[in-house]
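Here's the structure, in structure tokens; my notes come after.
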Amino acid sequence: MKMIKLTENKKKILVLSCMVVLLIVAGTLSIVLNLNAGKNNDSSLDGTQSTFFSELQSDRELRKNEQIALLDAIINNDNSTKEAIANAEAEKLAIVSNIKTEMALEAMIKSKGFENVAVMIGNEKINVFVDKAELLDEENAAICSIIMEQTKFTIADIIINPTLSAK
């Protein structure tokens, strides 16, 4: 059996092809999950709001999965430098940590009476989407308190976005 030797360009093409396939699979899964989420919405909730939060969370998950797939490609590439691999591993750990923190924050904020919540952690800011047209000062303070207790973010870094339109 003859072993096939790949040139550096062919290796890069192969890696990029694999990443494209992963992106297509992730996109397909996102569409399927969005369709299933639409079918399983609680009828007592406003369908538009449930869809908004489902899509927001699915998009967030898809983006993070794409980032992780790209980082895995760097980590698993034989041509990657040790520094590039170390940076990719550190970034991957940060993404996983953010996912855990986002989920925990969402659960804590929901415990304050919000039915739908989505938290998105960025490098310098944290966005919180809640299912109310307007928030009382006490509700804003409760959300900010939870975030500041659980993360490194200060009040200036927290952006709270009420999403329901006034009826």
Side-chain angles (χ1 to χ4, degrees), residues 19 21-76 85-167:
M19 287 191 286
V21 169
L22 285 172
L23 289 174
I24 291 170
V25 169
T28 304
L29 285 173
S30 174
I31 291 168
V32 169
L33 290 174
N34 281 336
L35 291 175
N36 287 339
K39 291 178 186 174
N40 296 330
N41 282 339
D42 184 0
S43 61
S44 67
L45 297 175
D46 177 29
T48 305
Q49 280 307 106
S50 295
T51 301
F52 170 79
F53 282 94
S54 295
E55 287 178 7
L56 187 64
Q57 290 168 334
S58 292
D59 289 345
R60 176 188 66 193
E61 188 174 322
L62 176 63
R63 245 186 3 266
K64 291 195 180 196
N65 286 338
E66 289 171 348
Q67 290 173 328
I68 289 171
L70 291 172
L71 293 169
D72 282 339
I74 293 169
I75 293 167
N76 296 324
I85 291 171
N87 289 340
E89 287 173 340
E91 193 172 335
K92 183 177 175 182
L93 287 174
I95 290 170
V96 171
S97 175
N98 282 349
I99 291 169
K100 289 179 184 178
T101 303
E102 288 167 346
M103 291 173 62
L105 290 172
E106 288 173 358
M108 287 181 231
I109 294 168
K110 282 181 181 180
S111 76
K112 298 296 181 187
F114 298 98
E115 286 188 51
N116 289 310
V117 176
V119 175
M120 298 179 143
I121 297 176
N123 290 334
E124 298 176 10
K125 299 283 183 191
I126 184 167
N127 281 283
V128 180
F129 298 87
V130 293
D131 65 343
K132 287 194 85 173
E134 292 183 37
L135 294 170
L136 302 172
D137 289 340
E138 298 83 28
E139 293 170 320
N140 273 319
I143 292 170
C144 288
S145 177
I146 290 169
I147 292 169
M148 289 186 299
E149 288 172 4
Q150 300 296 319
T151 68
K152 62 179 175 32
F153 294 103
T154 65
I155 197 153
D157 303 325
I158 302 168
I159 302 167
I160 301 174
N161 303 287
T163 60
L164 275 179
S165 57
K167 296 186 179 186

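Predicted model only: the values in this text are computed from it and were never measured.
- Atoms CZ and OG, from Arg63 and Ser58 in turn, are 11.5 Å apart once rounded to the nearest 0.5 Å.
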Side chain to side chain contact (heavy atoms under 4.5 Å, CB included) between Ile147 and Val119, worked out: CA-CA 10 Å; Ile147 292 169; Val119 175; 5.8 Å; no
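- Using a 4.5 Å cut-off on side-chain heavy atoms (C-beta onward), Val128 and Leu105 make no contact.
- Heavy atoms of other residues, nucleotides or ligands lying less than 6.0 angstrom from NZ of Lys100 number 12 at most.
- Atoms CG and CE, from Asn98 and Met103 in turn, are 13.0 Å apart once rounded to the nearest 0.5 Å.
- Remark: Ile109 CD1 to Ile160 CD1 distance equals 7.5 Å, nearest 0.5 Å.
- Between Ile121 and Glu102, the shortest heavy-atom distance links the atoms N-OE2, 2.8 Å.
- Summarising the geometry of Ile68 relative to Lys92, their closest heavy-atom pair is CG2-CE, 3.9 Å, with the distance given to 0.1 Å.
- Of the options Lys64, Lys125, Gln57, Arg60, a side chain to side chain contact (heavy atoms under 4.5 Å, CB included) to Met120 is made by Arg60 and by none of the others.
- Using modelled atom types, one side-chain atom of Ser111 and one backbone atom of Met108 make a donor-acceptor pair closer than 3.5 Å.
- At a threshold of 4.5 Å between non-hydrogen side-chain atoms, the residues Glu89 and Leu93 do not count as touching.
- Dense packing is recorded around CD1 of Ile159, with more than 12 heavy atoms of other residues, nucleotides or ligands lying under 6.0 Å away.
- Expressed to the nearest 0.5 Å, how far CG of Leu71 lies from CG of Asn76 amounts to 10.5 Å.
- The CD atom of Glu91 lies 7.5 Å from the CD1 atom of Ile74; values are rounded to the nearest 0.5 Å.
- Between Val130 and the choices Thr163, Ile143, Asn116, the side chain to side chain contact (heavy atoms under 4.5 Å, CB included) rule is met once, by Ile143.
- Of all the heavy atoms in Ile158 and Phe153, the pair that sits closest is CG1-CB, 4.5 Å.
- Smallest separation of non-hydrogen atoms from Lys132 and Phe114: CD-CE2, 3.4 Å.
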Side chain to side chain contact (heavy atoms under 4.5 Å, CB included) for Lys112 and Ile146? Distances and angles first, verdict last.
CA-CA 10 Å; Lys112 298 296 181 187; Ile146 290 169; 3.9 Å; yes
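- Met148 and Ile155 make their closest contact through SD-N, 3.5 Å (heavy atoms, listed as atom of the first residue, atom of the second, distance).
- The shortest heavy-atom contact between Phe52 and Phe129 is CZ-CD2, 4.3 Å.
- Listed for the Glu115 side chain is no donor-acceptor partner under 3.5 Å among the backbone atoms of Asp131.
- Between the side chains of Asp157 and Thr154, at least one donor N or O sits under 3.5 Å from an acceptor N or O.
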